[in-house]
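I have placed the structure first, in the form of structure tokens, so that the comments after it can refer back to it.
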Amino acid sequence: MADHYEVLGVSRDASVDEIKKAYRRLARELHPDVNPGEEASERFKEVTHAYDVLSDPKQRERYDLGDSPFGGGGAAGGFGGFGDIFETFFGAAGGGRGGRPRSRRERGQDALVRVTLDLGDVVFGVHRDLEVDTAVLCETCQGSCCQPGTSPVTCEICHGSGQIQRQVRSLLGNVMTNVPCNVCQGYGTTIPYPCATCQGQGRVRARRTVSLDMPAGVETGLRLQMPGSGEVGPGGGANGDLYIEVNVNPHPIFSRDGDDLLATIDVSMPDAILGTTTTIESLDGPVELELRPGVQAGDILTIKGRGITPLRGSQRGDLKVGVHVVTPTRLDGKERAMIEEFAKRTKAPEPKLAEFHQGLFSKLRDRFRNG
């Protein structure tokens, strides 16, 4: 086997730049497009193989150790360890996939978009058109990576296999192993005239509109998957998936508890005593709410079917309204006299200790959950 340094015409202590310059000079001289002869073609393969080994620091070190009679540095016969042994017998990592060239078409990456909704959007669901900055298919070459009217050509170095053979000295003697072709990068073909629009990638960056029907019942932190709506892959490969992460804005009046909506209503003392009917605004329109006579602070009034439609199912939750009786803080003389007369007539008991509660809000919370 010819010495790689002699093939490139450099000394054994040549720098990386010197090796690169020597390779470029010989490649220009021997490339099949310039020198189509069979002898030049074989010589070009030999030069390319030598450069492939000597331009990689690790391969060059192993090559130098393999040429040493004792294989210095503790690596017998050019082996650097078990990784090199497996590489020798089964091919280098990232090789030609069992003798087949790599495909230029690869699956695109997944994409993530965050969407902010109002609580009202969650009740029935909402339609959104999302502007997404992503990779789309190149319209000029339609993913072929070539200028229109041209096509990839078979690599003249590996003859379409995507691999070249390399001889490695081992404990068992000289062994041939396959590595990706340095000219076509393992594809088996080269593109003489890349598409000018996408620079030979088969895709370009662009903004596109994704139509989304957001289902009812979603909540903050939920991720929805849209298969095939992510980035188009290199070479016009299959699209990845698009994931929608949901964030729901807080509402000034309503809060959510599962599929139920919670709210609090302020009730005057006369209305709490006598009872009344009032109209409140729910998230999907006005609804009547009846306050029975003698309603107590902390009571929970339930309006059926005015909550949130569940993510899976059709039975809507309820709207639960907690009562907060408002005690007047300023009374004129006539009003105070009326209250005093009312107290005498009802003979209300004196204040006394009762069961301990964490406060109105804790009481409301417990009743919301259990009511």
Side-chain angles (χ1 to χ4, degrees), residues 116-126 216-220 246-310 313-371:
T116 299
L117 304 176
D118 293 327
L119 187 58
D121 298 329
V122 177
V123 176
F124 295 111
V126 66
V218 297
E219 56 187 334
T220 296
V246 178
N247 179 64
V248 181
N249 282 328
H251 194 277
I253 295 176
F254 299 100
S255 60
R256 179 177 181 177
D257 182 26
D259 294 329
D260 294 332
L261 290 174
L262 312 180
T264 302
I265 187 170
D266 291 336
V267 180
S268 67
M269 285 186 63
D271 285 340
I273 295 170
L274 302 175
T276 187
T277 299
T278 186
T279 299
I280 63 174
E281 286 291 333
S282 69
L283 288 177
D284 56 327
V287 58
E288 282 194 351
L289 177 65
E290 181 181 357
L291 299 169
R292 68 182 185 278
V295 68
Q296 299 294 307
D299 283 353
I300 304 299
L301 309 179
T302 299
I303 304 175
K304 293 290 186 180
R306 288 285 182 150
I308 294 175
T309 305
S314 58
Q315 186 67 39
R316 289 182 63 182
D318 301 328
L319 171 58
K320 296 184 177 181
V321 182
V323 175
H324 176 223
V325 178
V326 180
T327 303
T329 57
R330 294 182 180 180
L331 300 173
D332 59 24
K334 187 176 181 180
E335 292 170 339
R336 184 175 182 82
M338 293 174 62
I339 295 296
E340 290 175 348
E341 179 64 22
F342 173 76
K344 289 179 182 180
R345 287 178 176 273
T346 57
K347 297 180 180 180
E350 294 183 358
K352 64 179 181 179
L353 292 176
E355 181 183 355
F356 173 76
H357 292 285
Q358 291 289 343
L360 175 63
F361 292 105
S362 296
K363 184 178 180 181
L364 285 175
R365 182 187 64 224
D366 293 340
R367 290 196 179 186
F368 274 134
R369 292 177 176 176
N370 302 320

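Worth saying up front: this structure is predicted, and the values here are computed from it rather than measured.
Checked against salt bridge (Lys or Arg N to Asp or Glu O under 4.0 Å), Glu340 has the following partners two or more places apart in sequence or in another chain: Arg336. Applying the side-chain hydrogen bond (donor to acceptor under 3.5 Å, both in side chains) rule to Arg330 yields no partners; only residues at least two apart in sequence or on another chain are considered. Applying the salt bridge (Lys or Arg N to Asp or Glu O under 4.0 Å) criterion to Lys344, with sequence neighbours excluded, gives no partner residue. By the side-chain hydrogen bond (donor to acceptor under 3.5 Å, both in side chains) test, Asp332 is found to be paired with no residue, residues two or more places apart in sequence or in another chain being considered. By the side-chain hydrogen bond (donor to acceptor under 3.5 Å, both in side chains) test, Gln315 is found to be paired with no residue, residues two or more places apart in sequence or in another chain being considered. With sequence neighbours excluded, no residue forms a salt bridge (Lys or Arg N to Asp or Glu O under 4.0 Å) with Glu288. Among residues two or more places apart in sequence or in another chain, the side-chain contact (heavy atoms from CB on, under 4.5 Å) test is passed with Ala272 by Val267, Val295, Val325. Applying the side-chain contact (heavy atoms from CB on, under 4.5 Å) test to Pro310 and every residue at least two apart in sequence or in another chain returns Asp259.
Counting only residues at least two apart or on different chains, the ring pair (Phe, Tyr, Trp, His ring centres under 6.0 Å) pairs with a member in residues 246-292 are His251-Phe254. Among residue pairs with one or both ends in residues 328-352, none qualify as ring pair (Phe, Tyr, Trp, His ring centres under 6.0 Å); sequence neighbours excluded. For the side-chain hydrogen bond (donor to acceptor under 3.5 Å, both in side chains) condition, the pairs that include at least one residue of residues 267-282, sequence neighbours left out, are Ser268-Asp271, Ser282-Asp284, Ser282-Arg306. Counting only residues at least two apart or on different chains, no ring pair (Phe, Tyr, Trp, His ring centres under 6.0 Å) pair has a member in residues 267-310.
The two atoms that bring Thr264 and Val321 nearest to each other are C-CG1, 4.3 Å, heavy atoms only. The two atoms that bring Glu290 and Leu301 nearest to each other are O-CD1, 3.9 Å, heavy atoms only. Closest non-hydrogen pair, Met269 versus Pro328, comes out as SD-CD, 3.4 Å. Summarising the geometry of Thr220 relative to Val248, their closest heavy-atom pair is OG1-N, 2.9 Å, with the distance given to 0.1 Å.
A distance-only check finds no donor-acceptor pair linking the side chain of Glu219 to the backbone of Gly217 [under 3.5 Å].
Separation of atoms CG (Leu289) and CD1 (Ile303) is listed at 5.0 Å; rounding is to 0.5 Å. To the nearest 0.5 Å, atom CG of residue Leu261 and atom CD1 of residue Ile253 are 11.5 Å apart. Within the model, atoms CG of Leu283 and CG of Leu319 stand 8.0 Å from one another, a figure rounded to the nearest 0.5 Å.
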### Task
Begin from the C-alpha positions of Asn249 and Leu119 and carry the test side-chain contact (heavy atoms from CB on, under 4.5 Å) through to its verdict.
CA-CA 6 Å; Asn249 282 328; Leu119 187 58; over 6 Å; no
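Classification of Arg292 and Asp299 as a salt-bridged pair holds, one side-chain N sitting under 4.0 Å from a carboxylate O.
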